[in-house]
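Below: the structure, in structure tokens.
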Amino acid sequence: MTSLVFLPGLHGDAQTWAPVVRALPDDLPARALDLPAEPDLDALADEVARQIAPGSVVVGHSLGGVVAMHLAERHPSLLAGLVLVTAPVGAEDPEAASARAARAANLSPEAYEEIALDGMEAVYYGDRGRDPQVRAERLRAARGYGPARFAAHSVAIGARPDRRDFPAQAPCPVLIVGASHDQVVPTEEQRRWAETNGAETNGAVAGGAEAGDGDAGSDRAANSARANSVTYAEIARTGHMLPVETPDELAAAISGWWHRTEA
């Protein structure tokens with residue numbers, strides 16, 4: 001039986017994925033991993049490879065998507081499928097990468113937690129970034145994640161290669177999941193990425209009125225999965241943090257895509 005393996009993004013831990021894992025159907029066993037405090041993408045990918053079985057579907061959010069793509073390149077035989085949730089597409093400008101790494105270095109726990117909570121309005125959709133429960137979950141994850149991981153992962157994500165052509169060249173079927181209001185990895189960039197890699201671009205396919213009828217959206221994503229090795233799904237009314245913001249819709253997009261791809 002295929003197993004799903006979830007990788008978190010910056011400031012996230014395995015527990016960040018808990019609402020998505022709970023929302024998956026019973027026939028899709030899943031577990032989430034913590035990413036170690038490694039500044040090197042090769043080391044991060046190799047550590048994930050040691051923890052997963054051949055035939056896994058790896059789901060990565062943001063930084064986790066960067067690691068997942070690196071994993072597919074270094075250990076292609078392990079993967080049956082790949083899900084990239086609001087994952088960065090291009091390489092980072094060297095000056096920006098250096099500034100990112102410098103900002104993250106040698107932080108106290110208190111200073112790191114302040115960074116994790118800063119600017120949440122830009123990371124979440126609408127007023128969610130000001131919601132006390134959302135902020136409490138962000139702080140819980142940050143305290144588990146810690147400044148050492150943040151420093152290491154800031155270096156790793158800054159050294160990411162350009163992945164504009166990756167999905168079409170991947171060794172397995174790929175689902176790209178975009179967010180309708182992503183200010184971190186812009187929605188239009190996700191759509192272009194999918195389109196240039198041969199995916200059927202379906203607009204918003206899940207998560208409320210912007211998506212139209214939920215079943216129809218799932219059918220559109222399913223048709224794309226059957227026709228292409230690259231599929232695009234976009235969740236409506238959400239920002240960059242869809243594993244926390246819209247876990248049910250994300251779980252439905254992943255499970256619907258995989259069931260049809262597997263069939």
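Model, not experiment: these values are computed from the prediction.
Summarising the local packing, CD of Glu121 is surrounded by more than 12 heavy atoms from other residues, nucleotides or ligands at distances under 6.0 Å.
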Show the numbers, then the answer: is there a side chain to side chain contact (heavy atoms under 4.5 Å, CB included) between Val58 and Val83?
CA-CA 6 Å; Val58 175; Val83 182; over 6 Å; no
Go through the steps for Leu250 and Asp248 under the test side chain to side chain contact (heavy atoms under 4.5 Å, CB included), then give the verdict.
CA-CA 5 Å; Leu250 180 55; Asp248 292 349; over 6 Å; no
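Of the possible donor and acceptor atoms, none in the side chain of Glu249 sits under 3.5 Å from a partner among the backbone N and O of Ala236. Listed for the Ser255 side chain is a donor-acceptor partner under 3.5 Å among the backbone atoms of Ala251.
Contact annotation: the side chain of Met241 approaches that of Arg138 to within less than 4.5 Å [non-hydrogen atoms, C-beta and beyond]. Counting heavy atoms from C-beta on, the side chains of Val230 and Leu175 never come closer than 4.5 Å.
Here Arg140 pairs with Asp13 in a salt bridge; the nearest charged N to carboxylate O distance falls below 4.0 Å.
Screening residues 55-102 for ring pair (Phe, Tyr, Trp, His ring centres under 6.0 Å), with sequence neighbours left out, gives His61-His240.
Scanning for side-chain contact (heavy atoms from CB on, under 4.5 Å) contacts around Pro171 gives Ala72, Pro76, with sequence neighbours left out.
The minimum heavy-atom distance linking Glu38 with Ala156 is given by the pair O-CB, 4.2 Å.
Counted by atom type alone, Tyr232 and Glu234 present one or more donor-acceptor pairs between their side chains at under 3.5 Å.
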